[in-house]
Amino acid sequence: MKTILYAYNNAGDGASKLAASLGIKKVSHLRDKPVKNKLVINWGCSSLPRPVLDGFIVNMPEAVAKACNKLETFKAIKEAGWGEDIPEYATEPQEALKWLPKGIVVCRTKLSGHSGEGIVLAEKEEDVVNAPLYVKYIPKKRELRIHVNENGVFFVQEKKRNTDVPDDKVNWKIRNHGNGFIYANQDVEAPEVAKEMALRAIIALDLSFGAVDMIYNEKNDKWYVLEVNTAPGLHGTTLEKYTEMFSTYQEAVCA
């Protein structure tokens with residue numbers, strides 16, 4: 001069985017690297033020929049053209065659509081019976097205001113934003129803005145990205161302070177590249193409870209694989225799932241791990 005890759009952004013660096021590493025072709029978004037008897041790696045697409053749907057899909061588009069939407073992700077995990085795995089959230093500002101003044105409200109103005117896009121942190125009532133999703137801010141000691149498929153965890157990364165970024169440019173509440181953080185994988189381990197929660201998250205979303213972003217709150221000694229990525233950044237060891245994972249997937253499907 002041949003394997004092809006269908007990416008949400010065919011010009012994306014990660015998709016191109018993955019296809020090259022696996023020695024497979026990326027499918028054009030204009031494809032009009034059926035792909036029966038082919039393994040289709042869906043790289044972050046919430047919809048696929050009819051001809052591509054005739055293949056054996058790894059990550060169905062409807063599952064990716066739920067994962068891309070922060071609110072739908074939380075709903076799916078809660079409906080699966082694992083509501084304790086996620087932070088407290090609300091869809092009405094009146095509910096979110098109850099977390100003040102002792103807490104912080106994370107106003108998510110974009111449900112599909114990434115890298116902190118669309119996030120407004122409100123510490124006072126007047127700072128709360130209209131948003132489709134409000135999340136109770138949880139102070140974190142660690143932030144992991146746990147890469148998992150149906151068989152379990154195959155790679156773990158942790159957000160670490162980029163020492164090249166000046167102290168006054170670092171934002172410890174929203175940890176992304178622009179705020180002075182990078183993903184590291186050397187000497188990084190995830191506890192079993194976090195691994196189990198990551199696996200539960202992709203099960204709840206009906207995904208075949210995903211990169212689950214999680215935080216750890218030391219005061220409550222508790223991990224929380226924040227979101228699941230279906231087209232994570234790929235470079236270095238991350239690319240190697242995904243190449244290994246999909247190569248094993250190909251062997252299993254074609255056996």
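- From L111, atom CG reaches atom CD of E227 across 11.5 Å, with rounding to the nearest 0.5 Å.
- In this structure, T73 contributes its side chain and K66 its backbone to a donor-acceptor pair below 3.5 Å.
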- side-chain contact (heavy atoms from CB on, under 4.5 Å) between T248 and M245, intermediate numbers included: CA-CA 5 Å; T248 301; M245 187 269 287; 6.0 Å; no
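- A 4.5 Å side-chain heavy-atom check between I4 and I24 finds every atom pair outside the cut-off.
- In this structure, Y249 OH and S208 OG are separated by 4.0 Å, a value rounded to the nearest 0.5 Å.
- Rounding to the nearest 0.5 Å gives a distance of 11.0 Å between CD of E92 and NZ of K98.
- Listed here is the closest heavy atom pair of F181 and R161: CD2-N, 3.7 Å.
- A ring-centre distance under 6.0 Å is found for F246 and F209.
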- Task: Apply side-chain contact (heavy atoms from CB on, under 4.5 Å) to Y242 and L234, showing your working.
- Result: CA-CA 8 Å; Y242 270 83; L234 296 181; 3.6 Å; yes
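- Judged by distance alone, with hydrogens and angles left aside, the side-chain atoms of N229 form no donor-acceptor pair with the main-chain N or O of P232 at under 3.5 Å.
- Of the possible donor and acceptor atoms, none in the side chain of K38 sits under 3.5 Å from a partner among the backbone N and O of T3.
- Counting all heavy atoms, side chain and backbone alike, A201 lies closest to V225 at CB-CG1, 4.3 Å.
- Between I215 and K140 the shortest heavy-atom distance is CG2-CD, 3.4 Å.
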- Message: For L5 and L18: C-alpha separation, side-chain torsions, deciding distance, then whether side-chain contact (heavy atoms from CB on, under 4.5 Å) applies.
- Response: CA-CA 9 Å; L5 186 145; L18 181 59; 3.6 Å; yes
- Query: Step by step, would you call K141 with E218 a salt bridge (Lys or Arg N to Asp or Glu O under 4.0 Å)?
  - Reply: CA-CA 6 Å; K141 184 171 184 179; E218 187 176 31; 3.1 Å; yes
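- Considering all non-hydrogen atoms of both residues, I104 and E123 come closest at CG1-CG, 3.8 Å.
- Around the CD atom of E126, the shell of radius 6.0 Å holds more than 12 heavy atoms that belong to other residues, nucleotides or ligands.
- Between the CD atom of E158 and the CD1 atom of I182 there is a distance of 11.5 Å, given to the nearest 0.5 Å.
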- Working for side-chain contact (heavy atoms from CB on, under 4.5 Å), residues H147 and K241: CA-CA 9 Å; H147 303 266; K241 294 296 183 180; over 6 Å; no
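- S247 has its side chain within reach of L22: a pair of non-hydrogen atoms, C-beta onward, lies under 4.5 Å apart.
- The cluster map of Ile, Leu, Val, Met, Phe, Trp and Tyr, joined by side-chain heavy atoms under 4.5 Å apart, puts M214 and V153 in the same cluster.
- Taken to the nearest 0.5 Å, the CD1 atom of I86 stands 10.0 Å off from the CG atom of L226.
- The existence of a salt bridge linking K159 and D213 is excluded, since no basic side-chain nitrogen approaches an acidic carboxylate oxygen closer than 4.0 Å.
- Looking at V64 and M60, their side chains never come closer than 4.5 Å, going by heavy atoms from C-beta outward.
- L71 has its side chain out of reach of P132: every pair of non-hydrogen atoms, C-beta onward, lies at least 4.5 Å apart.
- Heavy-atom neighbours of D168 CG from other residues, nucleotides or ligands within 6.0 Å: above the threshold of 12.
- Heavy-atom contacts from other residues, nucleotides or ligands closer than 6.0 Å to CD of E150 number more than 12.
- Using a 4.5 Å heavy-atom threshold, the side chains of L121 and I119 count as touching.
- In terms of heavy-atom proximity, V52 sits nearest to L48 at CG1-CD1, 4.3 Å.
- The hydrophobic clustering, which links ILVMFWY residues whose side-chain heavy atoms are closer than 4.5 Å, places W223 and V188 together.
- Put simply, Y8 and I41 are part of two different groups of oily side chains (I, L, V, M, F, W, Y) that touch within less than 4.5 Å, one to the next.
- Inter-residue side-chain proximity for W43 and N59 is flagged as unmet; no heavy-atom pair is nearer than 4.5 Å.
- Partner I202 forms a side chain to side chain contact (heavy atoms under 4.5 Å, CB included) with one of V148, I146, T230 and no other, that one being V148.
- The backbone N or O of P139 sits less than 3.5 Å from a side-chain atom of N217, completing a donor-acceptor pair.
- Taking a 6.0 Å sphere around NZ of K78, one finds it holds 12 or fewer heavy atoms contributed by other residues, nucleotides or ligands.
- Using cut-offs of 30° and 60° for the angle between ring planes, the Y6 and H29 rings count as parallel.
- Counting non-hydrogen atoms of neighbouring residues, nucleotides and ligands closer than 6.0 angstrom, the CG atom of N220 exceeds 12 such neighbours.
- Counting non-hydrogen atoms of neighbouring residues, nucleotides and ligands closer than 6.0 angstrom, the CZ atom of F154 exceeds 12 such neighbours.
- Note: the hydrophobic cluster containing V58 also contains L239 (ILVMFWY, side chain heavy atoms under 4.5 Å, direct or indirect links).
- When side chains are defined from C-beta on, P61 counts as touching L53, because their heavy atoms get closer than 4.5 Å.
- To the nearest 0.5 angstrom, Y183 atom OH is 10.0 Å from T238 atom OG1.
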- Message: Please evaluate residues Y134 and R108 with respect to the criterion side chain to side chain donor-acceptor pair (under 3.5 Å), reporting the C-alpha separation (whole Å), side-chain torsions for both, the decisive distance (0.1 Å), and the verdict.
- Response: CA-CA 6 Å; Y134 301 95; R108 302 210 68 140; over 6 Å; no
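- For the pair K222 and Y224, the cation-pi criterion (under 6.0 Å, within 45° of the ring axis) is fulfilled.
- Under the 4.5 Å side-chain heavy-atom criterion for grouping Ile, Leu, Val, Met, Phe, Trp and Tyr, F74 is connected to Y137 within one hydrophobic cluster.
- In this structure, V105 and A96 approach most closely via the heavy-atom pair CG2-O, 3.4 Å.
- Inter-residue side-chain proximity for L39 and K2 is flagged as unmet; no heavy-atom pair is nearer than 4.5 Å.
- A donor-acceptor pair under 3.5 Å is absent between the side-chain atoms of T91 and the main chain of L133, judged by distance alone.
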